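First the structure, in the form of C-alpha cells, and then the observations on it.
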Amino acid sequence: MLPQPSIARVPGTGAHVIVDSGGTGVVRTSSGRFLRLVSPPPGLLDALAGASDGDGEASAYAEALRARMSALEEEDAQRRWPGPRREVALVGGGPLIDAVADALAGWGAAVTRHTDGGALLSTMDGAADGGRRGGGTAGPRGGGTRPWGLVVAYADSPVERVGWDRLDTLPSQGVAWLRAYREGENCFVDPICLDGDDPGAEQVYRRRLAASFAPRELDTWRRAAVAAAPASAAAHTLVVSRLLTLALAWAQESDVLEGYRTTLWKLVTATGTVSEHPVLAYDPPSSVDRGARRRV
C-alpha cells in the first residue's frame with residue numbers, strides 16, 4: 001500500500017499543500033481549486049510548518065506560495081464583494097438585522113446602521129448639505145452626495161415601516177433599495193429597486209391590496225399594528241438568507257438580479273410555505289385638475 005500524501009496549511013491563508021510520497025505536490029486554494037506545484041523542494045512541508053531547519057530554498061518557496069495564495073484570496077474577496085459597492089446602509093434594529101450586518105461585514109461590505117428611515121434621510125441631507133458647502137450640488141450617486149450604494153431595511157411590525165415610502169426615492173438617486181418585513185407571523189422580502197422605474201415599498205403594498213380578497217380589512221389590520229410574537233428561528237434564517245442572496249446579486253451585478261427586481265418573496269410560517277409573486281411597477285395616476293369641470 002502506498003503511503004498517504006502529507007498535508008500542510010499555507011500560513012495566513014485557507015490553502016493547503018498536499019505532497020505525495022514521490023514529491024509531487026498540489027495546493028488546494030480556499031475556493032476549492034487544485035493547482036499543481038512546480039518542482040516543490042523536499043523540505044516544503046516543514047517550511048510551511050515553521051520548521052525548515054535553515055533550508056533557504058524551502059523557506060523561499062513557502063513564502064512565495066503564501067504570497068500567491070494571499071493574492072488569490074484577495075482577488076476572490078473582490079469578486080465576492082467588489083470594492084466599488086462596499087458601502088451598505090441598514091435601517092432597523094433587532095436580531096435579524098444584526099445578523100444581516102454581521103454577514104455583510106464578514107463578506108467585505110462597509111456597513112452603517114440607522115434606527116429608522118428618518119435617521120437615514122437626515123444623514124443623507126447632511127451629506128448633501130456638506131456637498132453644497134463644498135461647492136457641489138445634491139444629485140445622483142457619483143456626485144459625492146450619496147454615501148451608500150445599497151440601503152437594506154427591516155421592520156418587525158407595520159408601524160416600523162412608517163416613512164419607507166419616502167425612501168422610495170433612493171433608486172432615482174442611484175441607491176439600490178431593498179426591504180424585508182413581517183406582518184403578524186408572515187414574512188416578506190420586496191423586490192429590490194435599482195432605479196425609479198422599479199416598484200417601491202408603496203407600490204408593492206398597493207399591488208398586494210389590489211390582489212387581496214379583503215383589501216379594506218388587510219389595510220385596517222396593517223394600520224392597527226397588531227403585536228406579534230418574535231420571529232421563529234426558521235423564519236429568521238430564511239429571511240436573512242433571502243436578503244443576503246439579493247444583496248450579493250446586487251454587489252456582483254449578477255444576471256439573476258433582473259428577476260429579483262420584480263419578485264415579491266413571501267414566507268407563511270404557519271405552514272412553512274415559501275412563495276414568489278411577480279410585482280410590476282405602474283405609472284402614478286395623473287393629478288386631477290379640479291378646475292377643469294368649472295371651465296367647461
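It should be emphasised that the depicted structure is a prediction, and the values quoted were computed from it without experimental measurement.
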Under the side chain to side chain contact (heavy atoms under 4.5 Å, CB included) rule, what do Val17 and Val26 come out as? Steps first, then yes or no, please. CA-CA 6 Å; Val17 168; Val26 299; over 6 Å; no
Quick one: do Glu183 and Arg208 satisfy salt bridge (charged side-chain N to carboxylate O under 4.0 Å, His left out)? Show the steps, please. CA-CA 13 Å; Glu183 290 184 356; Arg208 290 181 54 210; 2.8 Å; yes
Thr123 and His114: CA distance, side-chain angles, deciding distance, side chain to side chain contact (heavy atoms under 4.5 Å, CB included) verdict: CA-CA 9 Å; Thr123 303; His114 307 269; 3.6 Å; yes
What's the verdict on salt bridge (charged side-chain N to carboxylate O under 4.0 Å, His left out) for Arg222 and Glu217, showing C-alpha distance, side-chain angles and the deciding distance? CA-CA 8 Å; Arg222 178 178 176 268; Glu217 291 79 4; over 6 Å; no
Could you walk me through whether Arg80 and Asp76 pass the salt bridge (charged side-chain N to carboxylate O under 4.0 Å, His left out) check? CA-CA 6 Å; Arg80 180 182 64 203; Asp76 287 342; over 6 Å; no
Assess the residue pair Val279 and Thr263 against the criterion (side chain to side chain contact (heavy atoms under 4.5 Å, CB included)); give the C-alpha distance rounded to whole Å, side-chain angles, the decisive distance to 0.1 Å, and a yes or no. CA-CA 6 Å; Val279 177; Thr263 302; over 6 Å; no
Please determine whether side chain to side chain contact (heavy atoms under 4.5 Å, CB included) holds for the pair Thr112 and Trp148, giving the CA-CA distance in whole Å, both sets of side-chain angles, and the decisive distance to 0.1 Å. CA-CA 9 Å; Thr112 56; Trp148 319 285; 3.0 Å; yes
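The closest side-chain heavy-atom distance from Arg223 to Val159 is not below 4.5 Å. Side chains of Val274 and Trp265 form a contact here, defined as non-hydrogen atoms less than 4.5 Å apart. Looking only at side-chain heavy atoms (C-beta outward), Leu37 and Tyr61 come within less than 4.5 Å of each other. Leu248 places a side-chain heavy atom less than 4.5 Å from the side chain of Trp81. At a threshold of 4.5 Å between non-hydrogen side-chain atoms, the residues Arg179 and Ile192 do not count as touching. Contact of the Leu243 side chain with the Leu96 side chain is registered, since non-hydrogen atoms from C-beta on lie closer than 4.5 Å. Looking at Leu194 and Pro171, their side chains never come closer than 4.5 Å, going by heavy atoms from C-beta outward. Side-chain contact between Lys266 and His277 is present, with heavy atoms from C-beta onward closer than 4.5 Å.
Contact detail for Thr13 and Met69: the closest heavy-atom pair is CG2-CB, 3.9 Å. Of all heavy-atom pairs spanning Pro199 and Ala281, the tightest one is N-CB, 3.6 Å. Taking all atoms of both residues into account, the shortest heavy-atom contact from Arg79 to Pro82 is O-CD, 4.0 Å. Residues Ala58 and Ala47 approach most closely at O-CB, 3.6 Å, considering heavy atoms. The two residues Leu167 and Gly117 come nearest to each other via the heavy atoms CD1-CA, 3.9 Å. Taking each heavy atom of Leu178 and Leu246 in turn, the nearest pair found is CD1-CD2, 3.5 Å.
Of the inter-residue distances, the one linking Asp198 atom CG with Cys193 atom SG reads 5.0 Å to the nearest 0.5 angstrom. For the atom pair CZ of Arg85 and CD of Gln252, the computed distance is 10.5 Å after rounding to the nearest 0.5 Å. With rounding to the nearest 0.5 Å, the separation of CZ in Arg206 from CG in Asp219 is 8.5 Å. Atom CG of Leu48 sits about 12.5 Å away from atom CD1 of Ile7, to the nearest 0.5 Å. Atom CG of Asp46 sits about 9.0 Å away from atom CG of Leu44, to the nearest 0.5 Å. Taken to the nearest 0.5 Å, the OG atom of Ser241 stands 12.0 Å off from the NE2 atom of His236.
Not one N or O on the side chain of Thr24 forms a donor-acceptor pair closer than 3.5 Å with the backbone of Asp20. Formation of a donor-acceptor pair under 3.5 Å by the Arg207 side chain with backbone atoms of Leu280 is found in this model. Proximity of a side-chain donor or acceptor of Asp190 to a complementary backbone N or O of Ala201 within less than 3.5 Å is not detected. The main-chain N or O of Gly272 is never found under 3.5 Å from a side-chain atom of Thr269 such that the two would form a donor-acceptor pair. In terms of modelled atom types and a separation under 3.5 Å, the side chain of Thr29 and the main chain of Ala15 share no donor-acceptor contact.
Cluster membership for Leu218 and Val162, using ILVMFWY side-chain heavy atoms within less than 4.5 angstrom, is not shared. Trp107 is not connected to Leu72 by any chain of hydrophobic side-chain contacts under 4.5 Å among Ile, Leu, Val, Met, Phe, Trp and Tyr, and they are in different clusters. By the rule that hydrophobic residues join a cluster once side-chain heavy atoms approach within less than 4.5 Å of another member, Leu209 and Val204 end up as members of separate clusters.
Salt-bridge check for Arg261 with Asp197: failed, with every basic side-chain N at 4.0 Å or more from each acidic carboxylate O. Using a 4.0 Å cut-off between charged nitrogen and carboxylate oxygen, Arg68 and Glu73 do not count as a salt-bridge pair. Between Glu276 and Arg242, at least one side-chain nitrogen of the basic residue sits less than 4.0 Å from a carboxylate oxygen of the acidic one, meeting the salt-bridge criterion.
In this pair, Tyr181 and Trp164 present their aromatic rings perpendicular. The plane angle is above 60°, beyond the 30 to 60° band.
Taking a 6.0 Å sphere around CZ of Arg28, one finds it holds more than 12 heavy atoms contributed by other residues, nucleotides or ligands.
Between Tyr154 and the choices Arg161, Arg182, Glu160, the side-chain contact (heavy atoms from CB on, under 4.5 Å) rule is met once, by Arg182.
Side chains of Tyr205 and Asp165: no donor on one and acceptor on the other come within 3.5 Å.
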